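Before any comments, here is the structure.
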Amino acid sequence: MPGETSKTKKQTMIDPKLLRSAGHDVAANLKRRNFIFDEGAYATLEERRKALQVDVEALRAERNASARSIGKAKAQGEDIAPLLAAVEDLGKKLEEAESGLNDVQSELREVESGLPNLLHDDVPDGADENDNKEILRWGEPRDFDFKILDHVEIGAGLGLLDFDAAAKMSGSRFAVMHGLLARLQRALIQFMLDTHTAEHGYQEVYVPYLVQSEALFGTGQLPKFADDQFKTTDDPPFYLIPTAEVPVTNLARDSIAEGTEMPKKFVAHTPCFRSEAGSYGKDTRGIIRQHQFEKVELVQMVEPENSDVALEELCGHAETVLQKLNLPYRKVVLCSGDVGFGAHKTYDLEVWLPGQQAYREISSCSNYIDFQARRLQARWRNPDTGKPELLHTLNGSGVAAGRALVAVMENCQEADGSVTVPEVLLPYMAGANNLTPIC
RNA sequence: GGAGAGGUGUCUGAGUGGUCGAAAGAGCUUGAUUCGAAAUCAAGUGUACGGUUCUCCCGUACCGUGGGUUCGAAUCCCACUCUCUCCGCCA
(Lines give C-alpha, C1' and ligand atoms only; values in the text may rest on other atoms or scores of the structure.)
Protein backbone atom coordinates (compact mmCIF):
# COMPACT_ATOMS: atom_id res chain seq x y z
CA MET A 1 0.00 0.00 0.00
CA PRO A 2 1.98 3.01 -1.19
CA GLY A 3 1.88 6.05 1.02
CA GLU A 4 0.52 4.15 3.95
CA THR A 5 1.25 6.04 7.13
CA SER A 6 -1.21 5.00 9.76
CA LYS A 7 0.98 2.19 11.00
CA THR A 8 4.05 4.34 11.15
CA LYS A 9 5.51 4.07 14.61
CA LYS A 10 4.34 6.75 16.96
CA GLN A 11 7.13 9.07 17.80
CA THR A 12 5.24 11.64 19.71
CA MET A 13 5.77 11.91 23.42
CA ILE A 14 2.78 13.90 24.49
CA ASP A 15 -0.72 12.58 23.85
CA PRO A 16 -1.75 14.02 20.47
CA LYS A 17 -5.29 14.34 21.74
CA LEU A 18 -4.02 16.62 24.47
CA LEU A 19 -2.08 18.69 21.95
CA ARG A 20 -5.29 19.19 20.00
CA SER A 21 -7.71 19.76 22.81
CA ALA A 22 -5.49 21.62 25.27
CA GLY A 23 -2.68 23.07 23.21
CA HIS A 24 -2.65 26.18 25.33
CA ASP A 25 -2.11 24.28 28.57
CA VAL A 26 0.65 22.23 26.99
CA ALA A 27 2.36 25.37 25.73
CA ALA A 28 2.15 26.93 29.21
CA ASN A 29 3.61 23.83 30.81
CA LEU A 30 6.49 23.54 28.33
CA LYS A 31 7.19 27.25 28.67
CA ARG A 32 8.46 26.45 32.15
CA ARG A 33 11.28 24.55 30.47
CA ASN A 34 11.86 27.55 28.23
CA PHE A 35 10.48 25.48 25.39
CA ILE A 36 8.25 27.29 22.95
CA PHE A 37 5.38 25.25 21.58
CA ASP A 38 3.63 27.14 18.81
CA GLU A 39 0.11 25.99 19.50
CA GLY A 40 -1.38 28.09 16.72
CA ALA A 41 0.87 26.67 14.03
CA TYR A 42 0.23 23.21 15.37
CA ALA A 43 -3.53 23.67 15.31
CA THR A 44 -3.36 24.90 11.72
CA LEU A 45 -1.33 21.88 10.71
CA GLU A 46 -3.77 19.63 12.50
CA GLU A 47 -6.71 21.14 10.64
CA ARG A 48 -4.98 20.45 7.36
CA ARG A 49 -4.21 16.93 8.43
CA LYS A 50 -7.79 16.25 9.34
CA ALA A 51 -9.16 17.60 6.05
CA LEU A 52 -6.64 15.63 4.02
CA GLN A 53 -7.25 12.48 5.97
CA VAL A 54 -10.98 12.71 5.38
CA ASP A 55 -10.28 13.12 1.67
CA VAL A 56 -7.93 10.19 1.51
CA GLU A 57 -10.24 7.92 3.41
CA ALA A 58 -13.20 8.86 1.23
CA LEU A 59 -11.17 8.05 -1.88
CA ARG A 60 -10.08 4.76 -0.42
CA ALA A 61 -13.65 3.91 0.45
CA GLU A 62 -14.61 4.65 -3.14
CA ARG A 63 -11.79 2.48 -4.46
CA ASN A 64 -12.71 -0.37 -2.16
CA ALA A 65 -16.36 -0.17 -3.14
CA SER A 66 -15.63 -0.24 -6.84
CA ALA A 67 -13.10 -3.03 -6.46
CA ARG A 68 -15.79 -5.00 -4.70
CA SER A 69 -18.34 -4.43 -7.42
CA ILE A 70 -15.82 -5.36 -10.09
CA GLY A 71 -15.20 -8.57 -8.26
CA LYS A 72 -18.87 -9.26 -8.02
CA ALA A 73 -19.48 -8.47 -11.68
CA LYS A 74 -16.63 -10.67 -12.74
CA ALA A 75 -17.94 -13.53 -10.64
CA GLN A 76 -21.25 -13.27 -12.48
CA GLY A 77 -19.53 -13.24 -15.81
CA GLU A 78 -20.52 -9.67 -16.66
CA ASP A 79 -18.38 -7.36 -18.73
CA ILE A 80 -16.16 -5.40 -16.37
CA ALA A 81 -14.58 -3.11 -18.93
CA PRO A 82 -16.92 -0.15 -18.24
CA LEU A 83 -16.38 -0.52 -14.52
CA LEU A 84 -12.63 -0.45 -15.00
CA ALA A 85 -12.94 2.69 -17.08
CA ALA A 86 -14.92 4.33 -14.32
CA VAL A 87 -12.13 3.94 -11.79
CA GLU A 88 -9.32 4.76 -14.14
CA ASP A 89 -8.33 8.09 -12.65
CA LEU A 90 -9.15 7.11 -9.09
CA GLY A 91 -5.70 5.71 -8.49
CA LYS A 92 -3.98 8.91 -9.48
CA LYS A 93 -6.27 11.05 -7.37
CA LEU A 94 -5.72 8.81 -4.39
CA GLU A 95 -1.99 8.89 -4.83
CA GLU A 96 -1.97 12.66 -4.88
CA ALA A 97 -4.16 12.94 -1.83
CA GLU A 98 -2.02 10.41 0.02
CA SER A 99 1.19 12.19 -0.73
CA GLY A 100 -0.32 15.45 0.53
CA LEU A 101 -1.40 13.73 3.70
CA ASN A 102 2.01 12.17 4.14
CA ASP A 103 3.71 15.52 3.94
CA VAL A 104 1.49 17.01 6.59
CA GLN A 105 1.82 13.99 8.79
CA SER A 106 5.58 14.01 8.69
CA GLU A 107 5.55 17.71 9.49
CA LEU A 108 3.35 16.98 12.48
CA ARG A 109 5.56 14.14 13.59
CA GLU A 110 8.59 16.34 13.45
CA VAL A 111 6.95 18.90 15.71
CA GLU A 112 5.59 16.26 18.06
CA SER A 113 8.80 14.27 18.40
CA GLY A 114 10.64 17.43 19.36
CA LEU A 115 8.37 18.12 22.31
CA PRO A 116 9.78 17.41 25.77
CA ASN A 117 7.59 15.76 28.36
CA LEU A 118 5.08 17.71 30.42
CA LEU A 119 6.32 18.73 33.85
CA HIS A 120 4.79 17.61 37.11
CA ASP A 121 3.19 20.41 39.15
CA ASP A 122 5.70 19.71 41.91
CA VAL A 123 8.64 20.62 39.72
CA PRO A 124 9.93 24.00 40.88
CA ASP A 125 10.54 26.71 38.32
CA GLY A 126 14.16 27.50 37.64
CA ALA A 127 16.75 28.14 34.98
CA ASP A 128 19.43 25.55 35.64
CA GLU A 129 20.89 23.19 38.19
CA ASN A 130 21.48 26.04 40.61
CA ASP A 131 17.74 26.33 41.03
CA ASN A 132 17.21 22.70 42.00
CA LYS A 133 15.50 22.41 45.34
CA GLU A 134 17.03 20.44 48.17
CA ILE A 135 14.54 18.08 49.80
CA LEU A 136 16.67 16.54 52.51
CA ARG A 137 20.15 15.75 53.74
CA TRP A 138 21.04 12.42 55.25
CA GLY A 139 24.15 11.67 57.33
CA GLU A 140 26.89 13.88 58.64
CA PRO A 141 30.01 14.48 56.57
CA ARG A 142 32.80 13.04 58.65
CA ASP A 143 35.34 15.22 60.45
CA PHE A 144 38.81 14.20 59.35
CA ASP A 145 41.75 14.89 61.66
CA PHE A 146 44.22 14.39 58.87
CA LYS A 147 44.76 15.71 55.39
CA ILE A 148 41.94 14.52 53.16
CA LEU A 149 42.95 12.86 49.91
CA ASP A 150 40.72 12.53 46.87
CA HIS A 151 40.06 9.14 45.30
CA VAL A 152 42.78 9.60 42.68
CA GLU A 153 45.43 10.13 45.36
CA ILE A 154 44.07 7.28 47.45
CA GLY A 155 44.02 4.95 44.46
CA ALA A 156 47.52 5.93 43.43
CA GLY A 157 48.79 5.56 46.98
CA LEU A 158 47.39 2.05 47.14
CA GLY A 159 48.67 1.24 43.68
CA LEU A 160 45.23 0.00 42.75
CA LEU A 161 44.02 2.68 40.34
CA ASP A 162 45.93 3.22 37.11
CA PHE A 163 45.02 5.85 34.54
CA ASP A 164 48.24 5.64 32.58
CA ALA A 165 47.71 2.01 31.67
CA ALA A 166 44.16 2.78 30.58
CA ALA A 167 45.30 5.74 28.50
CA LYS A 168 47.77 3.56 26.61
CA MET A 169 45.09 1.27 25.30
CA SER A 170 42.00 3.47 25.30
CA GLY A 171 42.92 7.12 25.73
CA SER A 172 41.41 9.47 28.24
CA ARG A 173 38.37 8.88 30.44
CA PHE A 174 39.17 5.25 31.14
CA ALA A 175 40.62 3.59 34.20
CA VAL A 176 42.20 0.33 35.21
CA MET A 177 41.47 -0.97 38.68
CA HIS A 178 43.52 -3.64 40.38
CA GLY A 179 43.02 -6.19 43.09
CA LEU A 180 40.91 -5.22 46.04
CA LEU A 181 39.75 -1.99 44.43
CA ALA A 182 38.28 -3.90 41.49
CA ARG A 183 36.87 -6.32 44.02
CA LEU A 184 35.35 -3.48 46.00
CA GLN A 185 33.47 -2.26 42.95
CA ARG A 186 32.20 -5.77 42.33
CA ALA A 187 31.19 -5.99 45.98
CA LEU A 188 29.21 -2.78 45.64
CA ILE A 189 27.40 -4.14 42.62
CA GLN A 190 26.62 -7.45 44.30
CA PHE A 191 25.44 -5.71 47.42
CA MET A 192 23.13 -3.43 45.48
CA LEU A 193 21.65 -6.23 43.40
CA ASP A 194 21.06 -8.33 46.50
CA THR A 195 19.45 -5.46 48.34
CA HIS A 196 17.06 -4.61 45.54
CA THR A 197 16.07 -8.17 44.77
CA ALA A 198 15.77 -9.41 48.35
CA GLU A 199 14.41 -6.32 50.07
CA HIS A 200 12.76 -4.17 47.44
CA GLY A 201 11.05 -6.74 45.26
CA TYR A 202 12.90 -6.21 42.00
CA GLN A 203 13.52 -8.96 39.48
CA GLU A 204 17.10 -9.18 38.26
CA VAL A 205 17.61 -9.16 34.50
CA TYR A 206 20.58 -9.55 32.22
CA VAL A 207 20.26 -7.58 29.01
CA PRO A 208 22.15 -6.74 25.80
CA TYR A 209 24.72 -3.96 25.94
CA LEU A 210 24.37 -3.27 22.23
CA VAL A 211 21.01 -2.08 20.95
CA GLN A 212 19.60 -0.74 17.71
CA SER A 213 18.37 2.77 17.15
CA GLU A 214 14.71 1.92 17.70
CA ALA A 215 15.43 1.01 21.30
CA LEU A 216 17.04 4.39 21.91
CA PHE A 217 14.16 6.17 20.21
CA GLY A 218 11.83 4.36 22.52
CA THR A 219 13.43 5.64 25.66
CA GLY A 220 14.09 9.09 24.24
CA GLN A 221 17.89 9.18 23.86
CA LEU A 222 17.38 9.50 20.13
CA PRO A 223 17.04 11.51 18.03
CA LYS A 224 18.02 14.40 20.25
CA PHE A 225 21.07 12.99 22.01
CA ALA A 226 22.80 11.10 19.24
CA ASP A 227 26.13 12.74 20.07
CA ASP A 228 26.19 11.20 23.52
CA GLN A 229 26.09 7.66 22.17
CA PHE A 230 28.79 5.32 20.95
CA LYS A 231 27.81 3.75 17.68
CA THR A 232 29.26 0.87 15.69
CA THR A 233 29.91 0.93 11.96
CA ASP A 234 27.60 -2.01 11.27
CA ASP A 235 24.63 -1.50 9.00
CA PRO A 236 22.30 -0.92 10.67
CA PRO A 237 24.52 0.35 13.46
CA PHE A 238 24.52 -0.89 17.01
CA TYR A 239 24.68 1.56 19.86
CA LEU A 240 26.46 0.87 23.14
CA ILE A 241 23.92 1.40 25.86
CA PRO A 242 24.37 4.67 27.81
CA THR A 243 22.36 3.15 30.66
CA ALA A 244 20.53 -0.08 31.41
CA GLU A 245 17.35 1.99 31.28
CA VAL A 246 17.41 1.51 27.51
CA PRO A 247 17.37 -2.29 27.22
CA VAL A 248 15.36 -2.84 30.40
CA THR A 249 12.60 -0.36 29.58
CA ASN A 250 12.47 -1.82 26.09
CA LEU A 251 11.37 -5.10 27.64
CA ALA A 252 7.88 -3.62 27.61
CA ARG A 253 7.99 -2.55 23.99
CA ASP A 254 5.04 -3.55 21.79
CA SER A 255 3.48 -5.59 24.53
CA ILE A 256 0.41 -5.64 26.71
CA ALA A 257 0.89 -6.64 30.34
CA GLU A 258 -2.01 -8.18 32.24
CA GLY A 259 -3.25 -6.18 35.20
CA THR A 260 -2.15 -8.95 37.53
CA GLU A 261 1.46 -8.58 36.38
CA MET A 262 1.63 -4.96 37.44
CA PRO A 263 3.73 -3.36 38.65
CA LYS A 264 6.83 -4.78 36.98
CA LYS A 265 10.06 -4.01 38.77
CA PHE A 266 13.44 -4.82 37.24
CA VAL A 267 17.00 -4.35 38.43
CA ALA A 268 19.98 -4.79 36.16
CA HIS A 269 23.70 -4.30 36.45
CA THR A 270 25.36 -3.22 33.24
CA PRO A 271 28.30 -1.25 32.07
CA CYS A 272 27.30 2.10 30.60
CA PHE A 273 29.00 3.85 27.71
CA ARG A 274 28.91 7.57 27.08
CA SER A 275 30.86 9.60 24.62
CA GLU A 276 30.67 12.65 26.89
CA ALA A 277 30.67 14.88 23.85
CA GLY A 278 30.49 18.47 24.95
CA SER A 279 31.97 17.85 28.37
CA TYR A 280 35.59 18.49 27.49
CA GLY A 281 37.48 19.80 30.46
CA LYS A 282 34.74 18.79 32.87
CA ASP A 283 35.54 16.31 35.63
CA THR A 284 38.71 15.29 33.86
CA ARG A 285 40.26 14.11 37.11
CA GLY A 286 39.54 10.66 38.41
CA ILE A 287 36.73 8.29 37.59
CA ILE A 288 33.79 10.65 38.10
CA ARG A 289 33.12 10.98 34.39
CA GLN A 290 34.28 8.07 32.27
CA HIS A 291 33.42 6.69 28.86
CA GLN A 292 32.67 3.38 30.56
CA PHE A 293 31.26 2.84 34.02
CA GLU A 294 29.24 0.31 35.97
CA LYS A 295 25.75 0.99 37.19
CA VAL A 296 22.90 -0.82 38.87
CA GLU A 297 19.64 0.43 37.43
CA LEU A 298 16.09 0.23 38.74
CA VAL A 299 13.20 0.25 36.27
CA GLN A 300 9.50 0.10 37.04
CA MET A 301 6.45 -0.23 34.82
CA VAL A 302 3.38 0.76 36.76
CA GLU A 303 -0.29 1.60 36.52
CA PRO A 304 -0.65 5.28 35.65
CA GLU A 305 -2.38 6.23 38.86
CA ASN A 306 0.50 4.79 40.90
CA SER A 307 3.47 6.43 39.23
CA ASP A 308 3.72 9.37 41.62
CA VAL A 309 3.97 7.04 44.59
CA ALA A 310 6.27 4.70 42.67
CA LEU A 311 8.77 7.49 42.10
CA GLU A 312 8.98 8.14 45.83
CA GLU A 313 9.48 4.44 46.47
CA LEU A 314 12.05 3.94 43.75
CA CYS A 315 14.07 6.89 44.93
CA GLY A 316 13.79 5.52 48.47
CA HIS A 317 15.28 2.24 47.25
CA ALA A 318 18.30 4.08 45.91
CA GLU A 319 18.56 6.02 49.18
CA THR A 320 18.57 2.76 51.11
CA VAL A 321 21.77 1.77 49.35
CA LEU A 322 23.51 4.97 50.38
CA GLN A 323 22.21 4.69 53.91
CA LYS A 324 23.42 1.13 54.29
CA LEU A 325 26.81 2.21 53.05
CA ASN A 326 26.62 5.08 55.52
CA LEU A 327 27.40 7.63 52.83
CA PRO A 328 26.11 11.16 53.50
CA TYR A 329 23.93 12.46 50.71
CA ARG A 330 21.32 14.99 49.84
CA LYS A 331 18.20 14.67 47.75
CA VAL A 332 17.17 17.39 45.34
CA VAL A 333 14.21 17.77 43.04
CA LEU A 334 15.28 19.08 39.67
CA CYS A 335 13.87 22.43 38.61
CA SER A 336 12.02 23.04 35.37
CA GLY A 337 15.18 24.13 33.56
CA ASP A 338 17.18 21.05 34.57
CA VAL A 339 14.70 18.19 34.20
CA GLY A 340 15.65 15.86 31.39
CA PHE A 341 13.90 16.01 28.04
CA GLY A 342 11.68 13.01 28.61
CA ALA A 343 11.18 13.22 32.34
CA HIS A 344 8.02 14.38 34.11
CA LYS A 345 9.74 14.75 37.46
CA THR A 346 13.24 13.88 38.63
CA TYR A 347 15.02 13.49 41.95
CA ASP A 348 18.79 13.49 42.05
CA LEU A 349 20.69 11.91 44.90
CA GLU A 350 24.03 13.59 45.51
CA VAL A 351 26.65 11.87 47.62
CA TRP A 352 29.16 13.74 49.73
CA LEU A 353 32.68 13.59 48.32
CA PRO A 354 35.23 14.80 50.90
CA GLY A 355 37.89 15.10 48.20
CA GLN A 356 35.80 17.71 46.40
CA GLN A 357 34.06 19.06 49.50
CA ALA A 358 30.86 18.83 47.47
CA TYR A 359 27.76 16.76 46.89
CA ARG A 360 27.93 15.00 43.52
CA GLU A 361 25.21 13.16 41.62
CA ILE A 362 25.19 9.42 42.22
CA SER A 363 21.63 8.64 41.25
CA SER A 364 18.89 10.20 39.16
CA CYS A 365 15.36 8.90 39.59
CA SER A 366 12.65 9.90 37.14
CA ASN A 367 9.02 9.37 36.41
CA TYR A 368 8.47 9.40 32.65
CA ILE A 369 4.70 8.86 32.92
CA ASP A 370 3.50 7.76 29.46
CA PHE A 371 6.27 9.51 27.48
CA GLN A 372 8.41 6.44 26.88
CA ALA A 373 5.43 4.09 26.92
CA ARG A 374 3.82 5.91 24.01
CA ARG A 375 6.93 5.65 21.88
CA LEU A 376 7.41 2.03 22.88
CA GLN A 377 3.72 1.12 22.68
CA ALA A 378 4.15 -0.34 26.15
CA ARG A 379 0.71 -1.06 27.52
CA TRP A 380 -1.18 -2.91 30.20
CA ARG A 381 -4.73 -4.15 30.32
CA ASN A 382 -6.74 -2.08 32.72
CA PRO A 383 -9.10 -4.48 34.52
CA ASP A 384 -11.62 -1.66 35.08
CA THR A 385 -12.05 -0.99 31.38
CA GLY A 386 -10.76 -4.27 29.94
CA LYS A 387 -8.84 -2.15 27.47
CA PRO A 388 -5.09 -1.89 26.83
CA GLU A 389 -3.78 1.44 28.06
CA LEU A 390 -0.35 3.01 28.11
CA LEU A 391 1.51 2.22 31.29
CA HIS A 392 3.91 4.52 33.11
CA THR A 393 7.67 3.98 33.23
CA LEU A 394 10.16 5.05 35.86
CA ASN A 395 13.81 4.48 36.33
CA GLY A 396 16.66 5.43 38.59
CA SER A 397 20.21 4.52 39.38
CA GLY A 398 20.38 2.26 42.34
CA VAL A 399 23.17 3.48 42.29
CA ALA A 400 26.06 4.31 39.97
CA ALA A 401 28.77 1.85 41.03
CA GLY A 402 31.76 3.84 39.81
CA ARG A 403 30.75 6.89 41.74
CA ALA A 404 29.79 4.81 44.75
CA LEU A 405 33.32 3.45 44.67
CA VAL A 406 34.69 6.99 44.69
CA ALA A 407 32.40 7.88 47.59
CA VAL A 408 33.47 4.86 49.64
CA MET A 409 37.15 5.53 48.98
CA GLU A 410 36.94 9.15 50.01
CA ASN A 411 34.51 8.83 52.91
CA CYS A 412 36.13 5.74 54.41
CA GLN A 413 39.77 6.76 54.00
CA GLU A 414 42.14 6.52 56.92
CA ALA A 415 45.19 8.53 58.00
CA ASP A 416 47.55 5.85 56.72
CA GLY A 417 46.11 6.02 53.22
CA SER A 418 44.06 2.85 53.57
CA VAL A 419 40.31 2.53 53.06
CA THR A 420 38.02 0.79 55.52
CA VAL A 421 35.49 -1.49 53.83
CA PRO A 422 31.90 -0.60 54.81
CA GLU A 423 30.36 -3.25 56.99
CA VAL A 424 27.62 -4.23 54.55
CA LEU A 425 30.25 -5.05 51.92
CA LEU A 426 32.33 -7.36 54.13
CA PRO A 427 30.45 -10.51 53.05
CA TYR A 428 31.52 -9.78 49.49
CA MET A 429 35.19 -9.06 50.20
CA ALA A 430 36.53 -12.52 50.97
CA GLY A 431 37.85 -11.49 54.36
CA ALA A 432 39.42 -8.17 53.41
CA ASN A 433 38.20 -5.43 55.71
CA ASN A 434 40.34 -2.67 54.34
CA LEU A 435 42.36 -1.64 51.33
CA THR A 436 45.93 -1.20 52.42
CA PRO A 437 48.77 0.61 50.69
CA ILE A 438 51.35 -1.35 48.83
CA CYS A 439 54.57 -0.93 50.81
C1' G B 1 29.30 -18.29 7.15
C1' G B 2 26.36 -22.42 4.01
C1' A B 3 21.49 -25.19 3.19
C1' G B 4 16.40 -25.66 4.22
C1' A B 5 11.55 -24.46 6.72
C1' G B 6 8.61 -20.76 8.59
C1' G B 7 6.64 -15.79 10.65
C1' U B 8 -1.52 -14.86 10.52
C1' G B 9 -5.68 -12.17 16.27
C1' U B 10 -4.47 -13.71 23.79
C1' C B 11 -2.84 -18.93 22.17
C1' U B 12 -3.05 -23.21 18.59
C1' G B 13 -3.98 -23.01 13.62
C1' A B 14 -6.86 -22.56 8.43
C1' G B 15 -6.55 -19.44 4.50
C1' U B 16 -2.43 -19.00 -2.97
C1' G B 17 -5.86 -12.54 -6.01
C1' G B 18 -12.47 -10.34 -5.06
C1' U B 19 -17.91 -9.06 1.08
C1' C B 20 -11.07 -11.95 4.78
C1' G B 21 -10.48 -8.17 10.11
C1' A B 22 -9.64 -12.89 8.61
C1' A B 23 -12.37 -20.30 9.25
C1' A B 24 -12.04 -23.65 13.32
C1' G B 25 -10.63 -24.81 18.20
C1' A B 26 -8.79 -23.05 22.92
C1' G B 27 -8.97 -19.07 26.27
C1' C B 28 -11.76 -14.98 28.19
C1' U B 29 -16.71 -12.28 29.23
C1' U B 30 -21.97 -12.57 29.85
C1' G B 31 -26.38 -15.46 30.14
C1' A B 32 -28.99 -20.38 30.71
C1' U B 33 -28.74 -24.91 33.59
C1' U B 34 -27.05 -26.03 39.15
C1' C B 35 -27.91 -25.54 46.23
C1' G B 36 -22.94 -24.32 44.28
C1' A B 37 -19.14 -26.14 40.94
C1' A B 38 -17.63 -29.10 36.76
C1' A B 39 -19.66 -30.49 32.22
C1' U B 40 -23.11 -28.74 28.60
C1' C B 41 -25.80 -24.98 25.70
C1' A B 42 -26.31 -19.72 23.76
C1' A B 43 -24.30 -15.03 22.68
C1' G B 44 -20.19 -11.94 22.70
C1' U B 45 -14.91 -11.18 22.55
C1' G B 46 -8.41 -7.33 18.40
C1' U B 47 -5.87 -2.48 17.93
C1' A B 48 -5.34 2.41 16.10
C1' C B 49 -7.05 6.69 13.57
C1' G B 50 -11.09 9.63 11.65
C1' G B 51 -16.38 10.97 11.01
C1' U B 52 -20.86 11.17 13.58
C1' U B 53 -27.41 12.09 15.15
C1' C B 54 -21.30 10.34 20.32
C1' U B 55 -22.48 4.38 25.59
C1' C B 56 -25.49 3.45 18.59
C1' C B 57 -23.47 3.68 13.91
C1' C B 58 -20.14 4.58 9.57
C1' G B 59 -15.31 4.89 7.20
C1' U B 60 -9.92 3.93 6.90
C1' A B 61 -5.63 1.15 8.23
C1' C B 62 -3.26 -3.11 10.37
C1' C B 63 -2.08 -10.99 8.66
C1' G B 64 7.10 -10.03 10.45
C1' U B 65 9.16 -5.02 8.02
C1' G B 66 9.68 -2.05 3.58
C1' G B 67 8.81 -1.64 -1.58
C1' G B 68 6.30 -3.46 -6.22
C1' U B 69 2.34 -5.62 -9.56
C1' U B 70 -3.25 -5.03 -9.80
C1' C B 71 -9.57 -1.98 -10.49
C1' G B 72 -8.64 -5.08 -6.03
C1' A B 73 -3.16 -8.38 -2.09
C1' A B 74 -2.93 -12.08 4.20
C1' U B 75 -2.81 -14.32 -0.69
C1' C B 76 1.61 -12.82 -6.55
C1' C B 77 6.91 -10.41 -7.15
C1' C B 78 11.51 -8.11 -4.86
C1' A B 79 14.51 -6.73 -0.70
C1' C B 80 15.22 -6.98 4.36
C1' U B 81 14.45 -9.00 9.17
C1' C B 82 13.47 -12.55 12.97
C1' U B 83 12.59 -17.70 14.57
C1' C B 84 13.42 -23.00 13.95
C1' U B 85 16.33 -27.41 11.90
C1' C B 86 21.00 -29.29 9.77
C1' C B 87 26.31 -28.22 8.62
C1' G B 88 30.68 -25.19 9.63
C1' C B 89 33.02 -22.00 13.22
C1' C B 90 33.33 -20.38 18.17
C1' A B 91 33.36 -18.15 24.33
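What you are looking at is a predicted structure, and each value in this text was computed from that prediction instead of being measured. Throughout, protein chains are lettered first and strands after them, A, B, ... in sequence-line order, and every chain is numbered starting at 1.
Pairing of B:C57, defined by two Watson-Crick or G-U wobble distances under 3.5 Å, is identified with B:G51. The nucleotide B:A5 finds its pairing partner in B:U83, both defining distances of the Watson-Crick or G-U wobble pair being shorter than 3.5 Å. Pair check for B:G88 finds none; no Watson-Crick or G-U wobble contact set falls under 3.5 Å. With a cut-off of 3.5 Å on both pairing distances, B:A39 has no Watson-Crick or G-U wobble partner at all. Nucleotide B:C20: unpaired (no Watson-Crick or G-U wobble partner with both distances less than 3.5 Å). Base pairing annotation: B:G27 forms a Watson-Crick or G-U wobble pair with B:U45, both donor-acceptor distances under 3.5 Å.
For B:U69 and B:C76, the C1' atoms lie 8 Å apart once the distance is rounded to whole Å. Using atom P as the reference point in both B:G7 and B:A91, the two lie 35 Å apart (nearest Å). Distance check on atom P: B:A14 versus B:U8 gives 11 Å, rounded to whole Å. Distance noted for atom C1' between B:U70 and B:U75: 13 Å (whole Å). The same atom, C1', is picked in B:G46 and in B:U29; the two are 15 Å apart, to the nearest Å. Taking the C1' atom of each, B:C63 and B:G13 are spaced 13 Å apart, rounded to whole Å. The separation of B:U34 from B:U16, taken at their P atoms, amounts to 46 Å, rounded to a whole angstrom. Distance check on atom C1': B:C62 versus B:C56 gives 25 Å, rounded to whole Å.
Rounded to an integer number of Å, the gap from CG of A:Leu390 to P of B:U47 is 13 Å. Atom CG of A:Asp89 and atom P of B:C71 are 13 Å apart (whole Å). Following rounding to the nearest Å, A:Glu46 (CD) and B:G51 (P) show an atom-to-atom distance of 9 Å. One atom, CD of A:Glu214, and another, P of B:G66, lie 12 Å apart when rounded to the nearest Å. Here B:A61 presents its C1' atom at 12 Å from CG of A:Leu94, a figure rounded to the nearest Å. Atom CG in A:Asp254 sits roughly 12 Å away from atom P in B:U10 (whole-Å rounding). Straight-line distance from the CD atom of A:Gln377 to the C1' atom of B:C49: 12 Å, rounded to whole Å. One interatomic measurement links the two molecules: CZ of A:Arg48 to P of B:G50, which rounds to 17 Å at whole-angstrom precision.
If you run side-chain hydrogen bond (donor to acceptor under 3.5 Å, both in side chains) between A:Ser307 and each of A:Gln300, A:His392, A:His120, only A:His392 comes through. Of the listed residues (A:Glu423, A:Glu319, A:Glu199), just one forms a salt bridge (Lys or Arg N to Asp or Glu O under 4.0 Å) with A:Lys324, and that residue is A:Glu199.
Taking 4.0 angstrom as the limit, A:Lys74 places none of its side-chain polar atoms (N or O) nearer than this to OP1 or OP2 of B:G17. Checking the phosphate oxygens (OP1, OP2) of B:C58, no side-chain nitrogen or oxygen of A:Arg60 falls inside 4.0 Å. A:Asn64 has a side-chain polar atom (N or O) that falls below the 4.0 Å cut-off from OP1 or OP2 of B:U60. Phosphate proximity of B:U19 to A:Lys72: absent, as no side-chain N or O sits under 4.0 Å from OP1 or OP2.
In summary, A:Arg32 and A:Asp125 engage in a salt bridge, as defined by a charged side-chain N under 4.0 Å from a carboxylate O. The pair A:Glu276-A:Arg173 does not count as a salt bridge, with every side-chain nitrogen at least 4.0 angstrom from each carboxylate oxygen.
Residues passing the ring-ring contact (aromatic ring centres under 6.0 Å, His included) test with A:Phe238, sequence neighbours excluded: none.
Nearest-nucleotide positions on RNA chain B for A:Ser66 and A:Ala58 put A:Ala58 closer to the 5' end. In terms of position on RNA chain B, the residue among A:Gln212 and A:Val54 whose nearest nucleotide sits closer to the 5' end is A:Val54.
A donor N or O paired with an acceptor N or O is found under 3.5 Å between the base of B:G59 and the side-chain atoms of A:Glu57.
Between A:Phe371 and A:Tyr368, the angle of the ring planes lies from 30° to 60°, which puts this pair in the tilted group.
When distances are taken from the side chain of A:Arg20 to each of B:G72, B:C49, B:G51, the shortest belongs to B:C49. Considering only side-chain atoms of A:Arg63, the nucleotide from B:C49, B:G72, B:U47 that sits closest is B:G72.
A:Arg381 comes within contact range of no nucleotide atom at all, as no heavy-atom separation falls under 4.0 Å.
Put simply, the side chain of A:Tyr428 does not reach to within 4.5 Å of the side chain of A:Arg183, judged on heavy atoms.
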